[in-house]
Amino acid sequence: MVRRPKIQLLIVSALGPGLALLALLAIAAYAMLGPTGILAWTDYKSGLVERQVELSRLQEERDALRNRARLLDGDHVDPDLAGEMMRKELGVAAPDEIIVPLD
């Protein structure tokens, strides 16, 4: 039987727990500093607020477009909107209208 020095036995016996401790520290560091870690939550919260503002703006725009599409429905066209679009797109005016150019 080969006798090992005390220091060598101490190193070998501490190697397992030391590696386990390093692994736990690496996991804890990743939990803190990783892309989905605790420190990234503040960025996510500010990004969430920005996205909610953008979502509400897009919902308002969608509702306006939906209303405009409803007014242009082929069976029930709104005469005011049809006249406005005709003047804007075709550049036409009624004979009794006066055109005032705006600079």
Engineer: A quick test of your reading: do over 12 heavy atoms of other residues, nucleotides or ligands sit less than 6.0 Å from CZ of Arg62?
Structural biologist: yes
Engineer: Step by step, would you call Leu9 with Lys6 a side chain to side chain contact (heavy atoms under 4.5 Å, CB included)?
Structural biologist: CA-CA 5 Å; Leu9 287 174; Lys6 271 188 162 183; 5.6 Å; no
Engineer: Can you tell me how far apart CG (Leu55) and CD (Glu60) are? Round to the nearest 0.5 Å.
Structural biologist: 10.0 Å
Engineer: Going from CD on Gln8 to OG on Ser13, what distance comes out if it is rounded to the nearest 0.5 angstrom?
Structural biologist: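 OG of Ser13 is found 11.0 Å from CD of Gln8.
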Engineer: Using a 6.0 Å cut-off, check whether atom CG of Leu24 has over 12 heavy atoms from anything other than its own residue.
Structural biologist: yes
Engineer: Can you measure from CD (Gln59) to CD (Glu61) and round to the nearest 0.5 angstrom?
Structural biologist: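 One gets 11.5 Å once the value is rounded to the nearest 0.5 Å.
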Engineer: Please report the closest heavy-atom contact between Gly34 and Ala40, naming both atoms and the distance.
Structural biologist: O-CB, 4.0 Å
Engineer: Leu71 vs Asn67, test: side chain to side chain contact (heavy atoms under 4.5 Å, CB included). Steps then yes/no.
Structural biologist: CA-CA 6 Å; Leu71 291 174; Asn67 183 44; 4.1 Å; yes
Engineer: How close do Leu81 and Arg68 get, heavy atom to heavy atom, and via which atoms?
Structural biologist: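 Heavy atoms only, the tightest pair is CD1-NH1, 3.4 Å.
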Engineer: Could you tell me whether a side-chain N or O of Arg57 sits under 3.5 Å from a main-chain N or O of Val53, the two making a donor and an acceptor?
Structural biologist: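 No, Arg57 side chain to Val53 backbone: no donor-acceptor pair under 3.5 Å.
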Engineer: Where is the tightest heavy-atom contact between Tyr44 and Pro35, given as atom of each residue plus distance?
Structural biologist: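 Between these two residues, the closest heavy atoms are OH-O, 2.6 Å.
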Engineer: Once rounded to the nearest 0.5 Å, what's the spacing between atom CD of Glu89 and atom CD of Glu84?
Structural biologist: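 Rounded to the nearest 0.5 Å, the CD-CD separation comes out at 10.0 Å.
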Engineer: Could you measure the distance from the CZ atom of Arg66 to the CZ atom of Arg70? Nearest 0.5 Å is fine.
Structural biologist: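 If I round to the nearest 0.5 Å, the distance is 11.0 Å.
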